[in-house]
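First the proteins, then the strands, lettered A, B, ... as listed; each starts at 1. None of the values given here were measured: they were computed from a predicted structure.
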Number of protein chains: 2
Amino acid sequence: MLDYEGKVVSVAVRVSATSIVDAVANDLRARILQGGLSTKISLTETETATTYDVARPTAKAAIEKLVAEGLLVRGAHKTARVAELGPDSVRDIYLARAYLESEVLRRLASVRAVPAGAVRANLDIAAVSGGSAMDVVEPDMRFHTCLIDAVGSERISKIYRSLVGEVRLCMTRVQSLNLLDTGLIQAEHQRILELLADGDGQAAALLLDEHLGRARERLVEAIGGTAGPEARLPSSLIPL
Amino acid sequence: MLDYEGKVVSVAVRVSATSIVDAVANDLRARILQGGLSTKISLTETETATTYDVARPTAKAAIEKLVAEGLLVRGAHKTARVAELGPDSVRDIYLARAYLESEVLRRLASVRAVPAGAVRANLDIAAVSGGSAMDVVEPDMRFHTCLIDAVGSERISKIYRSLVGEVRLCMTRVQSLNLLDTGLIQAEHQRILELLADGDGQAAALLLDEHLGRARERLVEAIGGTAGPEARLPSSLIPL
DNA sequence: ACCTTGACGATTGTCTAGCAAGTATTCACG
DNA sequence: CGTGAATACTTGCTAGACAATCGTCAAGGT
């Protein structure tokens, strides 16, 4: 269950000599993001310790790591659970995303920078057009992450990554991910890249606001909240 | 040394029933931000445990908390030290600040929102005009924090607070804080607030970029780097 | 003289064991 | 059926210990 065979062969094939608590935290995070853990079941320290065959302080540290990341929530003397992430949290996460990405687009457009990774990610979105809707999540995330990383700021990238973790967390809550048309996503991404090449940061930021706002309200609706007006399609792209 | 008398009276006067590790982390953070700890001295786990009279895992948790905040750095099996924060780190921190605050100003201007707390903070800056240069740091920080908090996003505020912690950390490295004229700071803040009231987000964002860019390069120069061209005064405000 | 290697101290990572305190559940009783 | 107390469970924290690793430094070989 853990990619860590015993304790003696800590350095065998992998160059990454991750600590035990990191290994536990990583596997736990993967299980959470994959949706294997519901918000109802409780993540006891002793329970996680026994499942991973580690001591309780180690499991405790791993849990606290994930709590700091926002994927788990825990009160004092209370057992940890997977974060709830209701409609208000989703809106807050997407608002923070929009703040970061809007400004990033403006600054990228001011130097007419079109990140190569984003172009490739958008091509990958088109490639999986026929597959499952879940397969589009990864390239979609990669597109936005590449935009953020293009500014070359260590802290901005770190901040965005924590937000992405929460986004993926609330996406696992939605089983049917047919929230958006793949073609629409790809087309809007393409337009954003074009606007970057044109140096029109203002238009790119506005389009991104639309893009994220629609995804946000669709996600809110899928979680159980009431979708806002941003959920509707743009008038120029409504299918006949 | 710790506002926590023994272990039995965990709830005595303070309403804040902080845990022991939080109390240690808070006091440690205060000492770091106050400049009481240099980057040269090493923060050993056992050392911290003995000074605060707690067990080693408790001190370890507190140290790891501060490492996660970015105030301490520590490699594997290596002792923790106060973060170095050279010129490149300072530029990265201020870049992230600028990204967040620029977009915040744009959105605040779009609804012509002028946060009352920011107005008050700027008045406080003018009030301490005759005092020490160190006294202007607190209202200055408060001005910018109020702008961020005005958008009402829990995550954006949290993100910004972590950046502010790092800013204050590298400010403690500079003993002589005569980096900027108090009058200039106050005047630019005032102009930003006016632009918010006018709804001109673009101009507010540009002025903020100048404002932060100048502070950033002055700070870079003060800690040993070579200041960029942003350090100079605006042509309209150069004193005769 | 320089480089490699070995040893040693210091520090961290992890474990075991346990006690105290707080929370949640359950069960008896009115 | 509702309420309060007893109980089990979980967490917060401590003490002690051992292994692994890093840094330094000295000894030895080339």
Item to complete: Under 4.0 Å from any atom of DNA chain C, heavy atoms only: list the residues of residues 67-79 of chain B that qualify, in numerical order.
Response: B/Arg74, B/His77, B/Lys78, B/Thr79
Worksheet item: What integer distance in Å separates A/Glu64:CD from D/dT10:C1'?
Response: 14 Å
Worksheet item: Considering heavy-atom distances to DNA chain C, does B/Ser42 or B/Pro57 have its closest nucleotide positioned more toward the 5' end?
Response: B/Ser42
Fill in: Set of side-chain hydrogen bond (donor to acceptor under 3.5 Å, both in side chains) partners for A/Asn26, sequence neighbours left out
A/Arg29
Practice prompt. Begin from the C-alpha positions of B/Arg97 and B/Tyr160 and carry the test side-chain hydrogen bond (donor to acceptor under 3.5 Å, both in side chains) through to its verdict.
Written response: CA-CA 7 Å; B/Arg97 274 190 71 180; B/Tyr160 189 79; 3.2 Å; yes
Discussion item. I need the OH-P distance between B/Tyr52 and D/dT14, as an integer number of Å.
Written reply: 14 Å
Worksheet item: Can you find a donor-acceptor N/O pair under 3.5 angstrom joining the side chain of A/Arg56 to the base of D/dT10?
Response: no
Fill in: Rounded interatomic separation in angstrom, taking NZ from A/Lys60 and P from C/dT16
17 Å
Discussion item. Can you measure B/Ile41 atom CD1 to C/dT11 atom P for me and round it to whole angstrom units?
Written reply: 13 Å
Fill in: salt_bridge(A/Arg142, A/Glu138) N-O dist < 4.0 Å
yes
Worksheet item: In whole angstrom, what separates A/Glu45's CD from C/dA21's P?
Response: 18 Å
Item to complete: Would you mind checking if A/Asp149 and A/Arg161 are paired as a salt bridge, meaning a charged N to carboxylate O distance below 4.0 Å?
Response: yes
Practice prompt. Grab the CZ-C1' distance between A/Arg81 and D/dT11 for me, whole Å please.
Written response: 14 Å
Response to the item:
From the list B/Leu212, B/Asp209, B/Leu163, side chain to side chain contact (heavy atoms under 4.5 Å, CB included) with B/Glu101 holds only for B/Leu212
Discussion item. Output the rounded distance in Å from CD1 (A/Ile20) to P (C/dT12).
Written reply: 18 Å
Worksheet item: Do B/Ser38 and B/Arg81 have side-chain N/O donor and acceptor atoms under 3.5 Å apart?
Response: no
